[in-house]
Structures are given as structure tokens and as C-alpha cells.
Amino acid sequence: MGSLAVIIKGMFRQEQRSGRVMMGYLLGFAIMGYWMRGFLQYAADTGEPINILETFCVVEQHYVNMLFLVLGWLLVVADAPFMKGNIYLLLYRCGRKRWNMGMFFYILMQAFLYTAAMAAFTIIISSFFGFAGNMWSSPVYSLALDAANSIGVKYNITFPWLAMMKAMSVPQAFAVTFLFLYLYLAFVGALLYTAALLFSGIAGMMAAMGVHLAGYLRMMDGYTETSLLARAVPGNFIDGTLSYWKSVVLFLELIAVLMVLSSVFVKEMKFH
């Protein structure tokens with residue numbers, strides 16, 4: 001465990017200084033900020049305060065935002081499987097299996113940091129417009145009732161998840177939204193890493209982008225049950241029951257399968 005922690009720590013030290021990683025985070029902030037601007041403008045025009053946790057719930061579950069938000073994350077992990085000049089020294093000291101686990105857990109931890117950064121960004125900006133508490137605000141309630149999409153057209157933001165508002169408090173909805181985004185990013189990152197380990201970095205990026213875009217297209221066609229991207233939007237599956245936890249189990253299973261596959265592939269991989 002000690003050497004595994006050293007590998008992960010070294011990866012963070014190495015990657016956090018990378019311009020690519022910084023640009024990935026900045027791209028994520030820019031995308032979140034674009035959609036957040038419409039929602040906050042709508043809230044300001046109503047003259048009513050909003051719950052500071054609501055912004056993340058609204059913006060993260062906006063379909064088009066999810067399509068582009070993942071691009072920032074892919075930029076963060078685009079260098080997978082992270083083979084640097086010291087790769088042979090690490091393999092000699094730690095072995096292939098432990099090196100692979102270090103890279104895999106780095107992706108899982110980096111996905112959590114990326115999600116946390118996006119959530120913190122929305123909370124900090126929203127603190128100038130609202131309050132903290134358990135209650136849903138009047139602007140979000142009106143947005144959820146906007147069946148004609150008149151608000152959505154004017155402010156370029158939607159939140160059709162009235163069932164979520166009825167079933168959960170704002171902190172609960174925030175926690176579930178955070179969890180779903182994290183698991184989806186972790187899955188996409190794990191898929192990119194595993195495909196890059198087996199084939200090449202380009203193949204890994206193509207596999208991640210292909211699954212992501214296919215999920216978006218199926219979601220827009222209404223096939224939410226078979227769209228992994230739709231599974232990352234909890235509002236699609238909150239209906240007063242606990243059925244939305246099936247998405248959590250699905251993502252955990254996919255991540256576990258990719259972890260096992262990477263452990264198998266790394267034994268046969270030729271490092272160049």
C-alpha cells in the first residue's frame with residue numbers, strides 16, 4: 001500500500017503542474033459558467049433568492065452542459081496511460097500490477113477532484129444570489145413547472161425534474177447529483193485508460209468520446225435506459241422510488257470490470 005500511495009502522490013504532483021490538466025479544469029469552469037449564467041440571470045430577474053446548492057443540481061442535469069462538460073475531463077486525462085520517462089524505474093520498483101492500480105486510482109481520485117471543483121465553483125458564485133438550507137427556491141420550482149419551456153427558451157436553461165424536488169431536499173439532490181457526475185466521469189476516465197493501455201492513447205480517446213456521444217444521441221432520442229450519459233442525470237430516474245440507485249450499481253460494476261481488464265492487459269503490455 002505504501003508504494004501505491006507513492007505512485008498516486010507522484011502522479012498528482014506530476015499532472016497538476018501540467019498545462020493540459022489546468023486547461024481541462026479551466027474548460028470545465030467555462031462550460032459550467034456559461035450555463036450557470038443563464039440560470040442566475042433568470043433567478044435575478046425573478047427577484048427571488050435561490051438555494052446555493054440548487055445551481056449545481058440545475059446546471060449539471062442540463063443535457064447540453066453534460067455533453068460539453070465531459071470534454072474538460074477528457075482533457076485532464078488525455079495523457080493516459082501516463083507513461084513518462086521514469087516508467088521503467090517505477091515498473092522495476094513496484095511491478096506492473098501495482099503501477100496499473102496506481103494509475104487507475106489516480107483517475108478515480110482525479111475524477112472526484114474535478115467534480116468537487118465544478119460543484120464548489122457553482123456554490124461560490126451562487127452565494128451572491130441566495131441562501132443555504134433544505135428548501136427548494138421559488139425560481140427553481142417555477143422552472144420545473146415550465147412545461148411550455150418559455151423560461152428555457154429565454155434563459156437557455158431547463159430543470160424538468162419536479163419528481164426530484166418532491167422526493168428530495170436540496171442537500172439530498174445535491175449529493176445524488178454529485179455522486180452521479182463523479183461516477184460517470186470515473187467510468188469515462190477508466191474506459192479511456194483501459195483502451196489506451198490495450199491499444200493506444202488515440203484509441204482510448206476515441207473509445208471514450210464514442211461512448212459519450214452515443215450516450216448523448218440515445219438520450220436525445222428518448223432511450224434513457226440504454227444511455228450511459230442519461231444515467232449520469234439522476235432526474236431521469238427519480239420517480240419516488242429508489243430505482244435511481246440502479247445507475248450507481250451499473251457504474252460501479254462497469255468501473256470494476258475495467259479495473260479487472262486493465263490488470264489483465266498490463267501483464268501483456270509492451271512499454272515503449
Distance-only, no hydrogens or angles: does the [X] side chain make a donor-acceptor pair with backbone N or O of [Y] under 3.5 Å?
X      : Y      : answer
Thr177 : Ala173 : yes
Thr158 : Pro160 : no
Gln61  : Gly235 : yes

Handout entry: Evaluation steps, side-chain hydrogen bond (donor to acceptor under 3.5 Å, both in side chains), between Asn156 and Tyr42
Key = CA-CA 9 Å; Asn156 202 23; Tyr42 157 67; over 6 Å; no
How about [X]: does its [atom1] atom have over 12 heavy atoms from other parts shown lying under 6.0 Å from it?
X      : atom1 : result
Met259 : CE    : yes
Tyr141 : OH    : no
Arg218 : CZ    : yes

Exercise for the section: Answer whether the closest heavy-atom distance between the side chains of Leu252 and Leu183 falls below 4.5 Å. Expected result: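 They are in side-chain contact.
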Exercise for the section: Find out whether Asn134 and Gln172 are in side-chain contact, i.e. whether some heavy atom of one side chain is under 4.5 Å from a heavy atom of the other. Expected result: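 Heavy-atom side-chain distance check fails, nothing below 4.5 Å.
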Practice task
Would you sort out whether Gln110 and Leu113 count as a side chain to side chain contact (heavy atoms under 4.5 Å, CB included), showing the intermediate values?
Solution key: CA-CA 5 Å; Gln110 186 68 269; Leu113 291 180; 4.0 Å; yes
Practice task
Might you work through the side chain to side chain contact (heavy atoms under 4.5 Å, CB included) test for Leu162 and Leu145, ending with a clear yes or no?
Solution key: CA-CA 7 Å; Leu162 189 60; Leu145 293 175; 3.8 Å; yes
Looking at [atom1] of [X] and [atom2] of [Y], how far apart are the two atoms once the value is rounded to the nearest 0.5 Å?
X      : Y      : atom1 : atom2 : value
Glu253 : Leu258 : CD    : CG    : 12.0 Å
Trp73  : Thr115 : CH2   : OG1   : 7.5 Å
Phe187 : Tyr182 : CZ    : OH    : 14.0 Å
Met23  : Leu75  : CE    : CG    : 7.0 Å
Leu143 : Glu54  : CG    : CD    : 10.0 Å
His212 : Leu228 : NE2   : CG    : 11.0 Å

Exercise for the section: May I ask you to check whether Phe39 and Tyr155 place their ring centers less than 6.0 Å from one another? Expected result: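 No, ring centres 6.0 Å or more apart.
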Handout entry: Proximity of Phe112 and Phe178 rings by center, below 6.0 Å
Key =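 Yes, they do, as the ring centres are separated by less than 6.0 Å.
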Problem - Single-linkage hydrophobic cluster Val249~Val233, side-chain heavy atoms < 4.5 angstrom - result: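 As far as the 4.5 Å side-chain criterion goes, Val233 and Val249 are not connected within one cluster.
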Handout entry: Joint cluster assignment, Ile125 & Phe131, ILVMFWY side-chain distance < 4.5 Å
Key =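 In one cluster with Ile125: Phe131, no.
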Exercise for the section: Begin with the C-alpha distance, continue with both residues' side-chain angles, and end with the deciding distance and a verdict on side chain to side chain contact (heavy atoms under 4.5 Å, CB included) for Gln41 and Asp45. Expected result: CA-CA 6 Å; Gln41 183 62 57; Asp45 289 347; 2.9 Å; yes
Exercise for the section: Can you spot which of Ile52, Asn51, Leu53 makes a side-chain contact (heavy atoms from CB on, under 4.5 Å) with Phe174? Expected result: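 Result for side-chain contact (heavy atoms from CB on, under 4.5 Å) with Phe174: Leu53.
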Exercise for the section: Among Val21, Val188, Leu192, find the one that has a side-chain contact (heavy atoms from CB on, under 4.5 Å) with Val77. Expected result: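 So the option named by the test is Leu192.
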Problem - Test applied, side chain to side chain donor-acceptor pair (under 3.5 Å); reference residue, Asn236; option that passes from Tyr63, Trp161, Tyr244 - result: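 For Asn236, the side chain to side chain donor-acceptor pair (under 3.5 Å) check succeeds only for Tyr63.
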Handout entry: Within 45° cone and under 6.0 Å: Arg231 NZ/CZ vs Tyr184 ring
Key =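 That pair does not qualify as a cation-pi contact.
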Practice task
Decide side chain to side chain contact (heavy atoms under 4.5 Å, CB included) for Leu229 and Leu213; before the verdict, give the C-alpha distance in whole Å, the side-chain angles of both, and the deciding distance to 0.1 Å.
Solution key: CA-CA 8 Å; Leu229 181 58; Leu213 290 175; over 6 Å; no
Problem - Residue among Phe56, Trp35, Phe159 satisfying ring-ring contact (aromatic ring centres under 6.0 Å, His included) with His62 - result: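 Testing each of Phe56, Trp35, Phe159 against His62, the sole residue satisfying ring-ring contact (aromatic ring centres under 6.0 Å, His included) is Trp35.
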Practice task
Heavy atoms only: give me the nearest Thr122-Ser126 pair and the separation to one decimal.
Solution key: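 Where Thr122 meets Ser126 most closely, the heavy atoms are O-OG, 2.7 Å.
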Exercise for the section: Looking only at non-hydrogen atoms, find the nearest pair between Pro49 and Gly130 and report the distance. Expected result: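 It is CB-CA, 4.1 Å.
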Practice task
Evaluate the ring planes of Phe12 and Tyr106, with Trp represented by its six-membered ring, and classify them as parallel (under 30°), tilted (30 to 60°) or perpendicular (over 60°).
Solution key: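 Correct class here is perpendicular.
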